[in-house]
*Asks:* 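Let me begin by handing over the structure; questions about it come next.
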Amino acid sequence: MDLLEYQAKELFRGVGIPVPPSQRIDRPADLKSLAIPYPIALKSQVYIGGRGRLGGVRLVSNTIDAIAAAHTIFNLPIMGELPKVLLAEAKFDSKQELYLAVVLNRSIRRPVLLGSAQGGVDVQTAIAQMQQIVVDQEFSPFYARRLALKMGLKGNLLNVVTDVIERMYGLFLSQDLDLVEINPLAVNAEGDVMALDGKVTVNDAALGRHAALAALDTRSTQGATPHKPALARLPEVLSTVDPDGQIGILANGAGLTMATMDLLCQAGGKPINFLNIGGETHSDALPETLCQRLEQGLELLTRNKQIKVVLINIVSGTLSCDRVAESISKFLQRPISIVKPVGPVKDEIRLSRVKPLPTLVVRLVGSQFQDAKATLAKTPTILVEDLDKAIAQALTLVRNRDT
Amino acid sequence: MDLLEYQAKELFRGVGIPVPPSQRIDRPADLKSLAIPYPIALKSQVYIGGRGRLGGVRLVSNTIDAIAAAHTIFNLPIMGELPKVLLAEAKFDSKQELYLAVVLNRSIRRPVLLGSAQGGVDVQTAIAQMQQIVVDQEFSPFYARRLALKMGLKGNLLNVVTDVIERMYGLFLSQDLDLVEINPLAVNAEGDVMALDGKVTVNDAALGRHAALAALDTRSTQGATPHKPALARLPEVLSTVDPDGQIGILANGAGLTMATMDLLCQAGGKPINFLNIGGETHSDALPETLCQRLEQGLELLTRNKQIKVVLINIVSGTLSCDRVAESISKFLQRPISIVKPVGPVKDEIRLSRVKPLPTLVVRLVGSQFQDAKATLAKTPTILVEDLDKAIAQALTLVRNRDT
Amino acid sequence: MNFTAANKVIIQGIIEPLGASYAPLMQAYGTTVVAGISPGYGGRSLAGIPVFDMVEQALPSVGAIDTSVIFSAPYAVLDAALEAIAAGVRKIVLVTQGIPPLDMVHLIRTAEATETLIVGPDSPGIIVPNQLLLGIHPPDLYRPGSVGLISRNGTLTYEIAWSLTQAGLGQSIAVSIGGDAIVGSTFPQWLQILDEDDQTDVIVLVGEIGGDSEEIAAHHIAEAIEKPVVAYVAGRSAPRDRRMGHAGAIIESQATDFGPDVGTAESKIAALKRAGVPVADRPSEIPEIVKSLLQQPVKKAV
Amino acid sequence: MNFTAANKVIIQGIIEPLGASYAPLMQAYGTTVVAGISPGYGGRSLAGIPVFDMVEQALPSVGAIDTSVIFSAPYAVLDAALEAIAAGVRKIVLVTQGIPPLDMVHLIRTAEATETLIVGPDSPGIIVPNQLLLGIHPPDLYRPGSVGLISRNGTLTYEIAWSLTQAGLGQSIAVSIGGDAIVGSTFPQWLQILDEDDQTDVIVLVGEIGGDSEEIAAHHIAEAIEKPVVAYVAGRSAPRDRRMGHAGAIIESQATDFGPDVGTAESKIAALKRAGVPVADRPSEIPEIVKSLLQQPVKKAV
């Protein structure tokens, strides 16, 4: 989960990383009661980077200009995203700008400290100067000092930046972050430093043990429900792969879902949606849960009126083939009224129910295959044992339904 | 630094250790706006243990009784200590009482977890059942579970108590505590636990990095000045060793001060006060600082009108003998008015100045001894090279001044 | 590294839903499951397996333990694994998915210091067909044979094992290093183990997009592996930067705005091909390639 | 364990007041001080000693470092020591007092894992008369000889060294294990080192009230030490439970209300006497006892 700049800066403030005096602006009128002196920067609070180039940051010197600028920024989408909040921030005169980050490197399985003596908006220059220190053992401030030295810092600035990195690492560790980044860390003529922009990504798997961070999720439509490391919720809306596609894919496990989609694409098929109902390694996983997710997944996919064929590919140790077959059969027989909706049921969706269901091509690997076969024989689904043949079957069906 | 019970419980609450609903009572009238339901326990907030046996805890069932009890407790000294605050706390029905502690074991140089299935006021029984687990590597909750198991706990209680110990350890580590103790941790019929009394000792050396804890020091007359790991302040008032004594001891370093006092006592002398002006291992230690402390120490000791002889024993690498001699000489020559008082100067002290100073017996080991000898020759002090002889000299002088 | 039915195995988190379902299956497959561990459940038993509150409690009755398979809830896994290491266990399989990455960093540091093998997390574990099941592989899909199967996913591993089995190609061992972002044992480690394993004649490596494990594996194969390797990489058609269900499928970049091409299917396939590894276009192609490789003479040591 | 002038030594915290005063003295005494370390002061020099920002920066120019003497401010000591260990330094003297005990616990764990000797904290360090000064012992009070002096205090150690020197008894080495509550190296460790040291004929052990180091030392002497040992314990007259200036002088109890007799002068003296160690009543008695012991034949190995 990404944090917005102002949320990241609150975290920075909490651990003693210097940030400019600032104020959150929820509407332009808030600027009338601004507590920080002009000139200020008004900054669009969006999750996407590069807002500076796109007009999302403006320097203003008085209330009238500030309100006008706020109106503009509130109505300026950054790569399609409109800000809900702006940040008004005191200006800081920087003589030098540094880049600093703490991030987990998954291939060496250790946190790394990144730093560049050339931070700021010109990312290419920052990269050219980028230094990296691997935190191979338990962190101690000397790792931070090692980075600061490698960045070429000296004297008091060496110690001041070491201290900032140490605090960034403290946040990273205590809050289970995937990334904490300051760019730029500005240095003024007096040698004071200030974090002018910051980015924090919280690890989603760890959110369940950081209630305060979970509450910062402004994007979740579920609101501030406590994140817990339960089976991930199925998405409420499936993203579209190919808008012209007519095939939906439902599989279990990320690798298998991708492989199924790869096969379909290689064979010339056009998947519109794909859905992974989840792998088998969740500690709470029970056959009942997986069946439920299968049925919910079918419900989700079949809502899309454009889908002609749903290709189901379930390879499971937890779920026997007959249980999968029963779930499918149950799904097909359900009276519409008793289907428990995943989200609020809109009329448009109710309407879709009267439409004929897409054809289900079912491919199963696991125990009790013969029982599954018997169960599915009583349904209009098409059971195929071989994966390549299932793909071919799905394609044929689409073509037939098209014509 | 010890915390009072209510301060300890605030820390417990902060890390999720269950404590009863409670309210701090600064004066009996506070009980009129009590927000917790009766019956409550009113508890004297003193640093000394065993207040229960001494009437410092009372159970009351209504406001009238509560106010009366509060008046009594506010006026009841516990081993000489009057409470400034009481704690009003909701009653909890316990079925079982456990003892839990985390403490640093200095000889094995590791934290240890202590637990007894028989906690509560009967300390002897608790000790008889005491179990100990050494946290030899980085802490992980299994150390806590190991203790809970050794205490004989089972089922859900095993997990609940493991969780409490884990949180106690978290406090211990993050707040640099010397001790965190819960006695009793009460268990009710439903298996819920509650910390009914708690004791927390903060490590003094670490207070400088825990501003919030340092602010809890209710005993410091310095108020909430930030603790920092600077040279320890000299005491404002010297404690009395032998009220009939007439000799004051001033030495540098704890071991040397003790050895000097041992020698004096073994020779039949009666020290009334002793003062260690500090060893040589402080990273901020400069000869200037040590000289200043020597002069402040002499000032402190000579304030005591009962002292006839001050025995100075300085063995130093940092401070050459001549600098010690100069400091002593400077102290003796000082006009009373320009002496910078260590504390507020009371009339009684000014008065003491007109009294003749005690005789100073000076014993020095270090470089530049001959220069020191020359300097001190011009003063009324008695310089002795040998420690045993210095002791004998001090004793002779006391006897002579007595007669 | 020996994985046989003689391994003494414990199951931590045996009362978690997944642990409770698979404990009897592991035992039925021939795995010597000597104890289950679930704090608060000590004294009970599950499918005849005695349950203890702590690993060390089991030691007096069962003796030294070789392997622990951990099904504990995600936030309890680090402690469970450290407890197992403290009790002398030196092979640990983490089935559970969703362990916070920094817990894994801590665990991996401790594992390195104590020379403990960590498989997973988010892994179906290890299966040695007809001998040993350390995890949740569906045994029906496997047969004994000489193909060593290494993957980083779950159900796709089953799919490929099944395609091998159907083609008459049994497996010497199948292991998934796990699908989470930070995993214990790596592709190079397992390539090395299987290269030295007498039972294995050919290695099948199953990768997917995200991270750089396939690129690193390719490098290692070129440098150090003598046995023939066949690879398959899932995710050629995956939309970039979309979550497919686990972190392994996110094409990650080192830090904001610093994203090289590493992690894409193209990069992985190219790296493997450069290392001389044939890459199957679809799972069903793997058995054919394996068969053709088995007919060639083995590369000689240089 | 060899402590000679050939030891390559660095001084961490060389710009702290105490470090700046003693660095030139250590060097003048013959100690090979190759570098000083103080973050933010790299590039300067102090008394001809080059100063670096980090230990590892000094390595290319000075080669492997044997010993670091640390004068850093209390809260910076843990990091300085870990930095030294990471740079391969395996002997560390902590002069600074007032290091938070849990920092020491962390450091001692790391020192154990890396086989690093930690002397101190709150210690004047080590002196090998006329050869090597690792800390702040006043060199004038020491002479070369065959008495090994082990203590846990500062100025009292100087006092006793001086009484030995005045009596014509030089010292093979003098070391203070430090006065803070948690220290690195222990009495038994140093007793062992001196027992095996060819230059040492007799050992003087200087203790004080608080803690149980003297009791443990007594036990170790009875079990394992062959050379004669003389002891002195300060604090017989100390009021109980009063702070004498450092934590070693607090008679501590394990937890509230659990205070055994351990830690009192009586307990320590009794334990030492039980171990056959003569205990001097006053510092000036020590030289006499040392002389009488030197005339006796050394205990034979059993």
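This one's a predicted model, so the numbers in the text were calculated from it and none came from an experiment. Quick note on labels: first sequence line is chain A, next is B, and so on, each numbered from 1.
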*Asks:* With a 4.5 angstrom heavy-atom cut-off, is it the side chain or the backbone of C:V206 that approaches chain A, or both, or neither?
*Replies:* neither

*Asks:* Return the option, out of C:E112, C:H106, C:H137, with the maximum number of heavy-atom pairs under 4.5 Å with chain A.
*Replies:*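 Maximum pair count with chain A is reached by C:E112.
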
*Asks:* Give, as side chain, backbone, both or neither, the part of A:Q266 having an atom under 4.5 angstrom from any heavy atom of chain C.
*Replies:* side chain

*Asks:* Mind jotting down which residue pairs meet the salt bridge (Lys or Arg N to Asp or Glu O under 4.0 Å) criterion with at least one end in residues 68-77 of chain C? Sequence neighbours excluded, please.
*Replies:* none

*Asks:* Should A:F172 and C:L102 count as side-chain neighbours, where that means a heavy-atom distance under 4.5 Å?
*Replies:* yes

*Asks:* What part of A:S367 gets within 4.5 angstrom of chain C, counting heavy atoms only: side chain, backbone, both, or neither?
*Replies:* both

*Asks:* With only heavy atoms counted, which part of A:L173 is less than 4.5 Å from chain C, the side chain, the backbone, both or neither?
*Replies:*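 Both backbone and side chain.
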
*Asks:* Which region of C:S213, side chain (C-beta onward) or backbone (N, CA, C, O), has a non-hydrogen atom less than 4.5 Å from a non-hydrogen atom of chain A, or is it both or neither?
*Replies:*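 Neither part.
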
*Asks:* What option among A:D262, A:L256, A:V315 has the most heavy-atom pairs under 4.5 Å with chain C?
*Replies:* A:D262

*Asks:* Are side-chain heavy atoms of C:I136 and C:Y158 found at a separation under 4.5 Å?
*Replies:* yes

*Asks:* Please look at A:T318 and chain C and tell me whether the side chain, the backbone, both or neither of the residue comes under 4.5 angstrom of a heavy atom of that chain.
*Replies:*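 Both the backbone and the side chain of A:T318 come within 4.5 Å of chain C.
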
*Asks:* Just so I understand: if I count every heavy-atom pair under 4.5 Å between each of C:T186, C:L94, C:D103 and chain A, which residue has the most?
*Replies:* C:D103

*Asks:* Under 4.5 Å from any heavy atom of chain C, what part of A:N203 do you find: side chain, backbone, both or neither?
*Replies:* side chain

*Asks:* Side chains of C:F187 and C:I216: closer than 4.5 Å at any heavy-atom pair?
*Replies:*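 The answer is no, as the side chains (C-beta and beyond) never meet within the 4.5 Å cut-off.
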
*Asks:* Is it the case that C:Y232 and C:S151 place a side-chain donor and acceptor less than 3.5 Å from each other?
*Replies:*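 Judged by distance alone, the side chains do not pair up.
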
*Asks:* With sequence neighbours excluded, tell me which residues meet side chain to side chain contact (heavy atoms under 4.5 Å, CB included) with C:A218.
*Replies:*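 For C:A218 the side chain to side chain contact (heavy atoms under 4.5 Å, CB included) partners, ignoring immediate neighbours, are C:A271, C:L272, C:A275.
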
*Asks:* Is there a side-chain contact between A:D388 and C:P283, using heavy atoms and a 4.5 Å cut-off?
*Replies:*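 Answer no - side chains too far apart.
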
*Asks:* Can you say whether C:S163 sits under 4.5 Å from chain A via the side chain, the backbone, both, or neither, judging by heavy atoms?
*Replies:*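 Neither part.
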
*Asks:* Would you say the side-chain atoms of A:N105 pair up with the backbone N or O of A:R110, donor to acceptor, closer than 3.5 Å?
*Replies:*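 No.
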
*Asks:* Check each atom of A:N313 against the heavy atoms of chain C and say whether the ones under 4.5 Å are side chain, backbone, both or neither.
*Replies:* side chain

*Asks:* Heavy-atom distance under 4.5 Å to chain A: side chain of C:V77, backbone, both or neither?
*Replies:* neither

*Asks:* Go through the steps for A:E385 and A:R363 under the test salt bridge (Lys or Arg N to Asp or Glu O under 4.0 Å), then give the verdict.
*Replies:* CA-CA 6 Å; A:E385 263 193 74; A:R363 192 269 179 152; over 6 Å; no

*Asks:* Select one option (side chain, backbone, both, neither) describing which atoms of A:D176 are under 4.5 Å from chain C's heavy atoms.
*Replies:* both

*Asks:* Using a 4.5 angstrom heavy-atom cutoff, name the option from C:D140, C:D281, C:I99, C:I70 with the most pairs to chain A.
*Replies:*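 Top option by heavy-atom pairs under 4.5 Å: C:D281.
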
*Asks:* Answer yes or no: is there a side-chain heavy-atom contact under 4.5 Å between C:I118 and C:T116?
*Replies:* yes

*Asks:* Where on C:T157 is there a heavy atom nearer than 4.5 Å to chain A: the side chain, the backbone, both, or neither?
*Replies:* neither

*Asks:* Please classify the contact between C:F71 and chain A as side chain, backbone, both or neither, with a heavy-atom cut-off of under 4.5 Å.
*Replies:* backbone

